[in-house]
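Each remark here refers to the structure printed beneath this line.
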Amino acid sequence: MIFESDYTDYRLSNPIDAASPTGFLTAATQLRDHGFAILHFPDTPKPEMALATVAGRLSLGEPIIPLLYQKKSTRQDFGGSYADITAKRNGGHPVFTSGEAQGWHTDGLLDEIGSIKTTLLYCVRPAAEGGHTTLLNSGRVFHELRSSDPEAANVLTDPSILGRRSTLPGVDAESRGPVFKLAKGGEYLTRYGDTAVQCWYPRPEQVDPLRRALEYFKRSIANDPSVTLQVLLQSGDCLVFRNDLLSHSRDAFRDDPEQPRHLVRALHGNVPR
């Protein structure tokens, strides 16, 4: 079970050689057991080629476009199969074109919990400073919360407890759903996050259990090194992770104006295998 994985094993963040005969098999095994893997392309191919190779070798299928970017008002700027993530002045996107830190979140703001199963992040060029990505085994934290405070954990499974609202300028859209949902096989699907898009809708009797649940997550993230793992992608690295089971965040970064940080993202509806 991925929620049982211990992220204090530093070897999990070692890049796997994508050119090795066993590289993708090793990555698939790590994804199955731990929910993520980093593949390294030594020849640093173009992003579309690298992402298509990863998707093909891991049986991910074609990239999917999140519901937020299928809207008429967003499709032209952000509705492609691949999303460029690079800081731009007046770029128009609160995440893709910003160098500010991004809190815990899962990809697919308006999409149903568990529908976007895999995220690929390919690094064309790292920042001059900062820009670490941190993975959170949110299912592990939730599993521990279920044992220590079942009432608080149950609130996070309420089907209307969490709204996620667009922060794109001029886009009024929100989706409601649970924070966690039990999946077939015993894993915990997640939408856990702590950014500006989160809107909470507890009933009166849920206010205190929700407070306890969110405080538990904050304490666990701060004090338990086994639930988080930080990576700094280098050129040619492709981070693959289970977006339906893990949350992620990003540090702020500082760019070299001549060589700005540039990542390319693809989202997929299939589980790596």
In terms of the angle between their ring planes, are F41 and Y122 parallel, tilted or perpendicular, with boundaries placed at 30° and 60°?
-> perpendicular
Is there a side-chain contact between L162 and Y201 (heavy atoms, below 4.5 Å)?
-> no
For P178, does its backbone N or O pair with a side-chain atom of R191 as donor and acceptor, under 3.5 Å?
-> yes
In terms of ring plane angle, is the pair H143 and Y188 parallel, tilted or perpendicular, where the classes change at 30° and 60°?
-> tilted
CG of D111 to CD1 of I113, rounded to nearest 0.5 Å, is 11.5 Å
Taking the side chain as every heavy atom from C-beta outward, state whether I85 and L121 have any pair of such atoms under 4.5 Å apart.
-> yes
Distance col, row D33:CG vs I2:CD1, nearest 0.5 angstrom, shows 8.0 Å
Measure the spacing between CD of E62 and NE2 of H268 and express it to the nearest 0.5 Å.
-> 8.0 Å
Within 6.0 angstrom of E112 CD, more than 12 heavy atoms from elsewhere = no
Is there a path from L239 to V227 through hydrophobic residues (I, L, V, M, F, W, Y) whose side chains come within less than 4.5 Å of each other?
-> no
Nearest 0.5 Å please: distance from the CG atom of N243 over to the OG1 atom of T190.
-> 9.0 Å
N/O donor-acceptor pair under 3.5 Å between H105 side chain and S247 backbone = no
Would a hydrophobic clustering, with Ile, Leu, Val, Met, Phe, Trp and Tyr connected at side-chain separations under 4.5 Å, put F253 with L233?
-> no
Euclidean distance, L246 CG relative to S5 OG, rounded to 0.5 Å | 9.0 Å
Residue pair G23 / L39: nearest heavy atoms and the distance that separates them = O-CD2, 4.0 Å
More than 12 non-hydrogen atoms from neighbouring residues, nucleotides or ligands closer than 6.0 Å to CG on D172, yes or no?
-> no
Under a 4.5 Å cut-off applied to non-hydrogen side-chain atoms, are H248 and D107 in contact?
-> yes
Taking side chain as C-beta onward, heavy atoms only, is F217 less than 4.5 Å from L156?
-> yes
Ignoring hydrogens and geometry, is there a side-chain-to-backbone donor-acceptor pair from D255 to R261 under 3.5 Å?
-> yes
Output field: ring centroids F241/Y7 closer than 6.0 Å = no
Stepwise side chain to side chain contact (heavy atoms under 4.5 Å, CB included) check, E48 with V264 | CA-CA 8 Å; E48 294 81 2; V264 182; 5.6 Å; no
Specify the closest pair of heavy atoms between S220 and E144, including all atoms of both residues, with the distance to one decimal.
-> OG-OE1, 4.2 Å
What are the two closest non-hydrogen atoms of E100 and S98, and how far apart are they?
-> N-OG, 3.0 Å
Side-chain donor or acceptor of R140 paired with backbone N/O of E4 under 3.5 Å | yes
Above 12 or not: heavy atoms from other molecules or residues under 6.0 Å from CD of E215?
-> yes
Main-chain N/O of V124 paired to S235 side chain as donor or acceptor, under 3.5 Å | yes
Apply side chain to side chain contact (heavy atoms under 4.5 Å, CB included) to E187 and M1, showing your working.
-> CA-CA 7 Å; E187 297 281 10; M1 292 290 186; 3.7 Å; yes
Indicate yes or no: at least one non-hydrogen side-chain atom of V141 is less than 4.5 angstrom from one of L136.
-> yes
Please examine the side chains of V240 and T118, heavy atoms only from C-beta on, and report whether any two atoms are closer than 4.5 Å.
-> yes
For Q76, look at atom CD and say whether over 12 heavy atoms of other residues, nucleotides or ligands are found less than 6.0 Å away.
-> no
With distance as the sole test, does R176 use its side chain to make a donor-acceptor pair with the main-chain N or O of P159 at under 3.5 Å?
-> no
Is the backbone N or O of L31 less than 3.5 Å from a side-chain atom of R242, with the two atoms forming a donor-acceptor pair by type?
-> no
Please answer whether the main-chain N or O of R203 pairs with a side-chain N or O of Q206 as donor and acceptor at a distance below 3.5 Å.
-> yes
Between N154 (side chain) and P150 (backbone), is there a donor-acceptor pair under 3.5 Å?
-> yes
Nearest heavy-atom contact between L110 and L68 is CD1-CA, 3.8 Å
Could you give me the CA-CA distance, side-chain angles and deciding distance for I38 and I16, then say whether side chain to side chain contact (heavy atoms under 4.5 Å, CB included) is met?
-> CA-CA 6 Å; I38 300 172; I16 299 165; over 6 Å; no
Hey, does the side chain of H34 reach the backbone of F36 with a donor-acceptor pair shorter than 3.5 angstrom?
-> no
Given the rule that I, L, V, M, F, W and Y join up when any side-chain heavy atoms are under 4.5 Å apart, are V155 and Y192 in one cluster?
-> yes
No-hydrogen, no-angle side-chain donor-acceptor test under 3.5 Å, T86 and D84 = no
Under the side chain to side chain contact (heavy atoms under 4.5 Å, CB included) criterion, do T167 and L109 qualify, and how do the steps go?
-> CA-CA 10 Å; T167 56; L109 182 81; over 6 Å; no
Compare all side-chain heavy atoms of L60 with those of P272 and state whether any distance is below 4.5 angstrom.
-> yes
Shortest non-hydrogen contact from A152 to A213?
-> O-CB, 3.7 Å
Closest non-hydrogen atom pair, A153 against F142 | O-CE1, 3.4 Å
Reported OG1-to-CG distance for the pair T134 and D251, which is rounded to 0.5 angstrom = 5.5 Å
Donor-acceptor side-chain pairing of H40 and D17 below 3.5 angstrom | no
Thinking salt bridges, do K218 and D194 make one under a 4.0 Å N-O criterion?
-> no
Path from W200 to I221 over hydrophobic side-chain contacts below 4.5 Å | yes
May I ask whether V95 and I65 are part of the same hydrophobic cluster, defined by side-chain heavy atoms of I, L, V, M, F, W, Y residues being less than 4.5 angstrom apart, directly or through others?
-> yes
pair L229-Y10: side-chain heavy atoms closer than 4.5 Å = no
